[in-house]
There are 4 protein chains.
Amino acid sequence: MLHAADDLLAEHGFAALTIEAIAREAGVAKQTIYRWWPSKVEILLDTLIDDSSKCLAVPQSPTAAGIRGYLRAFARFLAENPAGKVFLALLAQAQHDAATAASFQERYLGPRRAAERELLALAAEAGEIAPRLGVDAVLDALLGPIVYGALTGAAVSGEGVDALVEELLRP
Amino acid sequence: MLHAADDLLAEHGFAALTIEAIAREAGVAKQTIYRWWPSKVEILLDTLIDDSSKCLAVPQSPTAAGIRGYLRAFARFLAENPAGKVFLALLAQAQHDAATAASFQERYLGPRRAAERELLALAAEAGEIAPRLGVDAVLDALLGPIVYGALTGAAVSGEGVDALVEELLRP
Amino acid sequence: MLHAADDLLAEHGFAALTIEAIAREAGVAKQTIYRWWPSKVEILLDTLIDDSSKCLAVPQSPTAAGIRGYLRAFARFLAENPAGKVFLALLAQAQHDAATAASFQERYLGPRRAAERELLALAAEAGEIAPRLGVDAVLDALLGPIVYGALTGAAVSGEGVDALVEELLRP
Amino acid sequence: MLHAADDLLAEHGFAALTIEAIAREAGVAKQTIYRWWPSKVEILLDTLIDDSSKCLAVPQSPTAAGIRGYLRAFARFLAENPAGKVFLALLAQAQHDAATAASFQERYLGPRRAAERELLALAAEAGEIAPRLGVDAVLDALLGPIVYGALTGAAVSGEGVDALVEELLRP
DNA sequence: TAATAATCGAGACGGTACGTCATGTCTTAAG
DNA sequence: CTTAAGACATGACGTACCGTCTCGATTATTA
């Protein structure tokens, strides 16, 4: 069912991602979907969490290179990976629907942000980086442009990410 | 009709913003709306362009203070102004629908970006600022965090904006 | 305008005969039609009266042959003449709408029936025919099968008409 | 649903018989109607077939009296029974729409005509009647005046029916 | 091994909104 | 003063999904 949802989103966009279409695609009764997920947003959230844990883990090594690599992976994830489209679709849907916003925040953005905060703190402590803004501010300053670029169709390149890191974290 | 659409979005969210609801609210026939707008997205775009021209004009004076003021106004616009919700709703809808993406880019983001580019170029020429990234990259680096903050419900404060400007544009 | 209405009925059927279509076909504004006719039924009635006076006049000569010829002409009119379709359409519409029924009765069926009554009376007086039913009954008995045949798509042939006349009017 | 359709036709006429009105009257969703009937014509056809089988069966006994009774019942059915209005409405609609014509012919007129043909054949064989016209011609000659009378608002009386039978079938 | 329960597919149901079409009324500008 | 052009409020069209709801049929477990 997660695959069916994923495929539909990738192939036909969020508008075509209806519960009925997922059921059709997965060869499953509608009620079976409703038994396990309260909404299509939660289905997408499950696929996103799955895929993120596979190819977008927050690195353990608190080095400047690790941070750079993570941000470059994030930019590529949004630009190229089908799961990146899921991220964008959920971020979008959160603007239309408060329940989505809460779920997305709690199950995805929050945990990820916690890990990112820790990464930054350790790296700063180790002298690898020297952020001049607060932790959350610097994370928004790093992730914001990447996400905003993806949202507006102007993907940020690897060099762009590096320049951003240099600008904001250079010791 | 624009007011009706605006009000409905502000009061009940994007999900409740149906063509039929707008018609009901405005005391107007559905067909009358279809006569003038091909979709509710274009209605929102019109209200956004209207409202933006009133309270979010790109400043003429190419000074550091002008740029700071503009970005602070943008952050406040997204956080507090009902029209800011329209911006976020359109950016969100653009992720679900390619036609929205094209329209939003062409009628709103594009022209605004052109004005912003000119502003930055003049200010750099005047020595008011010294961006180390390319024009578009620096604009994304400035606007991205503000938008991302608004999308995730973490509004960027005036001081946050100032710090960002200091970091990225300080001569 | 009458031609436009006629043409549309003949080509695309009664369902496609809308006031807007007539206006379009005639190259005329809708309001111009409403100025002169209260409804499309009256337009059709006008065309039917026109066409009937041309090729379906009740004969003056009160002879058996005259009556036979009139009924054969009526059968052919319904089966082949485009104006015959107008007659059937109006008779049909009269079942759906009381105003049509009244108009059709008063402006078309009534006058025609009066002439037919007179024709039969004169012919009977002259000994050309010997109807055993009342005047209206015999007229219904003659016209009814022809109309019913046309309504059900089973046109009555010339010989069929003759046989009917022989059966009902034979002296 | 059939009752709702019937009631609406009887009370407000064919023009008010919209799918939405039937759904409203029956307390049912529009889609539920579309699930079972392709058009309102088929709904009416179903009610007509139901009602006809109850109170307008073609008699089994091939006697002159049986035929007379059947025709009188038909005349009364058209004049007084609400289901008679359904018959007239369908016959009318068949003039406006070829699909209705085909359906009405195949599901109602055709089967009924077959039974009537058999009735007449048996009665003729038994010497009860002596039709001088062909089977279909005589049926049209008998039914046509009754239907035409109903269509033009001039109901045929019981005596009128008897006279017609006497005239056309007398041995 | 048979009864019992959980899960499934299928799909009907009352709703709501879609975008289109024609209605009959109206206003405007040109002749 | 009539016309064409066409905007307007109204309301039905037939379609797509929504989320809820019964149905058997098919597994799994428990007695």
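No hydrogens, no waters, no symmetry mates; every other heavy atom, side chains included, goes into these values. Throughout, protein chains are lettered first and strands after them, A, B, ... in sequence-line order, and every chain is numbered starting at 1.
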Specify the closest pair of heavy atoms between D:P111 and D:Q105, including all atoms of both residues, with the distance to one decimal. CD-O, 4.0 Å
Tell me, which of residues 39-47 of chain C have any heavy atom that sits under 4.0 Å from an atom in DNA chain E? none
Strand contacts (DNA chain E) in residues 88-95 of chain A, 4.0 angstrom heavy-atom criterion: none
Give a yes/no answer on whether the side chain of [X] brings an N or O atom under 4.0 Å of OP1 or OP2 in [N].
X     : N      : result
D:R35 : F:dT15 : no
D:R24 : F:dG11 : no
D:T32 : E:dG14 : yes
C:W36 : F:dT3  : yes

Determine the interplanar angle of the A:H96 and B:F14 rings, folded into 0 to 90°, and report it as parallel if under 30°, tilted if 30 to 60°, perpendicular if over 60°. parallel
Let me spell it out: for each of D:Q31 and A:Q31, pick the nucleotide of DNA chain F with the closest heavy atom. Which residue's pick is nearer the 5' end? D:Q31
Whole-Å distance between F:dT20 P and A:E20 CD? 13 Å
In whole angstrom, give the distance that lies between atom OH of A:Y34 and atom P of F:dC21. 12 Å
Under 3.5 Å donor-acceptor pair, B:K30 side-chain atoms to E:dG19 base atoms: yes
